[in-house]
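Here's the structure we're looking at; comments come further down.
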2 protein chains.
Amino acid sequence: MADIRTVAALAGVSVATVSRALSAPDKLRPETLARVTDAIARTGYNPNARAQGLRRQRSRTVMVIVNDLPNPFIASVVRAIEDRARAAGYCVLIGDSQRCRTHELAYGTMATRGIADGIIQFGPRPPFGTESDLARFPVVSVLDCFHHPSVPTVQIDNRAAAEDMMARLIGLGHRRIALITGPVTSSQSHDRADGARAAFAGHFGHLEGLVATTGDYSAESGRLAMAALLDSPARRPTAVFCFNDLMAIGAMKAIGAAGLAVPADISVAGFDDIEVARFLAPALATVRQPAQEIGTVAFDLLEQRIASPAAAVSHVRLPHAIREGESLSRPGMARHRHGAGAASAMRRGPTCL
Amino acid sequence: MADIRTVAALAGVSVATVSRALSAPDKLRPETLARVTDAIARTGYNPNARAQGLRRQRSRTVMVIVNDLPNPFIASVVRAIEDRARAAGYCVLIGDSQRCRTHELAYGTMATRGIADGIIQFGPRPPFGTESDLARFPVVSVLDCFHHPSVPTVQIDNRAAAEDMMARLIGLGHRRIALITGPVTSSQSHDRADGARAAFAGHFGHLEGLVATTGDYSAESGRLAMAALLDSPARRPTAVFCFNDLMAIGAMKAIGAAGLAVPADISVAGFDDIEVARFLAPALATVRQPAQEIGTVAFDLLEQRIASPAAAVSHVRLPHAIREGESLSRPGMARHRHGAGAASAMRRGPTCL
DNA sequence: CTGAAAGCGCTTACAG
DNA sequence: CTGAAAGCGCTTACAG
């Protein structure tokens with residue numbers, strides 16, 4: 001924690017020379033460089049990043065704003081961003097808004113106070129209160145994107161991905177399918193719901209049999225939503241498509257709690273392909289999103305934007321894939337061991353599409 | 001992104017007055033304050049944190065270094081730290097070392113470059129290469145702690161917690177118990193193994209029947225470790241105590257893959273009490289660690305240390321609890337439906353304690 | 001190739 | 001109560 005003056009004195013040079021030894025060593029006479037390098041080593045000198053940032057007007061830090069850090073899928077994208085950032089000599093500042101708009105805005109403001117050079121935003125709203133800031137401060141929107149002329153986005157084709165999974169379910173013979181969606185504010189959830197509807201209507205010519213209920217991407221919300229769907233055995237779906245894996249885990253729990261089996265009674269599909277999904281029994285069929293690549297591309301786009309703010313804004317769509325699992329089967333695979341009890345249909349949430 | 005000079009000019013005062021309007025408003029004449037406040041509002045002025053930090057020699061930022069951010073238990077402790085930090089007006093910088101020593105040291109060095117006022121370290125090693133830095137820079141060690149005279153720690157009593165879970169297993173009648181531990185570098189894993197041994201030996205007077213194999217806290221390592229334990233049906237344990245929930249999830253997968261059932265054939269216990277553990281079927285019995293409180297206390301200790309570096313170093317032990325689950329039962333609950341095949345005993349890893 | 005000097009945007013004794 | 005000035009630790013034209 002010596003400063004540049006200490007090092008300069010020790011090496012018998014000016015502070016400018018010490019600075020150059022670090023940033024442009026080839027501009028120094030080898031002899032001088034050696035003296036400075038030695039002094040740096042002896043003092044354990046590390047330039048103060050605050051002072052560097054102030055002088056250079058660049059912090060080499062990016063802020064990542066997520067809304068649910070404990071969600072393993074989000075964490076894995078964050079990890080990929082961090083990997084790439086580190087390689088590029090950047091620090092990463094993570095803000096977990098916990099879906100609270102106030103926190104989100106606080107992190108956004110913080111970033112613009114010279115703390116970060118740009119923001120990677122995971123949520124469906126801009127991290128600033130005033131839209132015009134988006135034109136001035138580099139922001140990249142990722143996963144659950146929002147749209148703005150000066151904000152690049154990186155995500156999969158959520159609509160097509162949902163269509164693909166629905167095609168799989170329909171292909172297996174399912175005619176009564178439930179969706180457990182994300183919150184109404186989630187743009188990716190809208191896209192997926194659109195895709196699901198398109199696939200269903202495209203195949204059957206109508207939407208009868210497709211039902212949707214809303215979750216909030218937490219396992220508990222998936223459990224509750226599924227429990228609501230099970231309230232009415234007569235209209236019970238034969239397959240459930242959850243818009244993330246955590247909700248699928250919750251749904252599986254609710255199905256088990258009702259004395260039903262996956263997939264014999266109800267097939268379950270997820271979204272994200274988090275690691276634990278592969279460890280469930282049965283292993284969850286889900287939509288794989290390329291977490292690593294999403295993070296990498298997001299960082300690269302942000303870095304480009306920091307370097308040249310006027311360049312064209314690109315919107316990257318990365319490929320998804322269907323991850324096979326044991327949680328899907330054809331409908332009607334179970335003996336009819338459950339009594340009726342046609343109770344309160346659609347009590348909570350579920351609405352026809 | 002106006003600067004203080006712009007605001008001062010607009011309000012017709014000096015920059016010193018603008019600074020005071022923010023940090024000590026009561027020192028200004030109400031009239032002046034009003035003019036400045038108005039100018040601040042009109043320009044959307046936010047002080048540059050870099051410049052503030054440089055001048056004040058305080059960044060009001062703490063760095064959190066974890067080794068596995070996607071682990072939901074770790075993420076939940078990080079979230080608690082962030083909550084507390086935000087309330088105290090601090091930023092949080094998260095570094096995910098991914099168990100790589102080089103990255104860990106890089107984050108540690110970064111923090112000391114004026115970027116952070118202190119570090120909360122999750123791993124069992126100090127974040128610096130030279131020990132003496134620990135006396136100079138505030139560090140708090142958390143969860144998987146290391147020990148150093150000037151570093152406060154916060155964790156549960158891992159030894160006692162393991163004893164408690166072992167007592168539960170022994171009380172159910174288990175006589176052949178396997179441990180799936182963390183890596184050898186993990187101090188908390190050592191403590192837990194000690195506790196497990198003490199409980200076993202205390203009850204039986206010997207260690208025959210207690211077996212340990214090593215994992216790395218990932219689900220996949222739990223699966224592999226469990227598969228190795230199942231290699232020899234004759235010596236198969238009737239209960240497995242995994243030193244985190246992710247490994248327990250992996251172990252359950254391996255048990256299912258071998259055609260066995262939890263808990264009928266093998267009881268499984270975990271550690272951490274992550275949210276998904278409650279959603280497994282069967283719900284996992286585990287050791288609850290108070291994530292929220294651990295994070296809160298860790299931040300508070302760090303803040304104290306930043307404020308008064310010379311104060312006494314405290315070591316906080318927070319209470320754990322046993323979370324009941326359906327993954328435990330008495331041994332021998334299953335019919336003997338599996339053939340023998342007494343193959344290669346202890347081929348991989350498992351060693352008698 | 002090297003140094004003296006200005007300045008990044010703030011804060012805070014020091015005067016008045 | 002308010003302002004002028006020094007300085008936090010760097011970097012980088014500008015001279016030489």
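We name chains A, B, ... by the order of the sequence lines, and we start the count at 1 in each one. Keep in mind that this is a model prediction, so the values were computed, not measured.
Picking from D:dC8, C:dG3, D:dA4 the nucleotide with the shortest atom distance to the side chain of B:Gln57 gives D:dC8.
Distance CG (A:Leu54) to P (D:dG7): 17 Å, rounded to an integer number of Å. One interatomic measurement links the two molecules: CZ of A:Arg60 to P of C:dC8, which rounds to 22 Å at whole-angstrom precision. Nucleotide D:dG7 holds its P atom 19 Å from the CZ atom of A:Arg50, rounded to whole Å. As a whole-Å value, the separation of A:Lys27 NZ from C:dG3 P is 15 Å.
Taking 4.0 Å as the cut-off between side-chain N and carboxylate O, A:Arg79 and A:Glu82 do not count as a salt-bridged pair. Salt bridge present: A:Arg136 and A:Asp133 bring a charged side-chain N and a carboxylate O closer than 4.0 Å. A:Arg99 has no carboxylate O lying under 4.0 Å from a charged side-chain N of A:Asp216, or vice versa, which leaves the two without a salt bridge.
Taking 4.5 Å as the limit, some side-chain heavy atom of A:Tyr217 sits within range of a side-chain heavy atom of A:Ser186.
Side chains of B:Ser59 and B:Tyr90: no donor on one and acceptor on the other come within 3.5 Å.
When the shell of 6.0 Å around CZ of B:Arg5 is examined, it contains 12 or fewer heavy atoms from other residues, nucleotides or ligands.
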Counting primed atoms, P, OP1 and OP2 as sugar-phosphate and everything else as base, the B/S/- map of nucleotides 10-16 of chain D against protein heavy atoms under 4.0 Å is BBBB---
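Taking atom P on both D:dA6 and D:dT2, the two are 23 Å apart, rounded to the nearest angstrom.
When Watson-Crick and G-U wobble pairs are counted only if both distances are under 3.5 Å, D:dG3 pairs with C:dC14.
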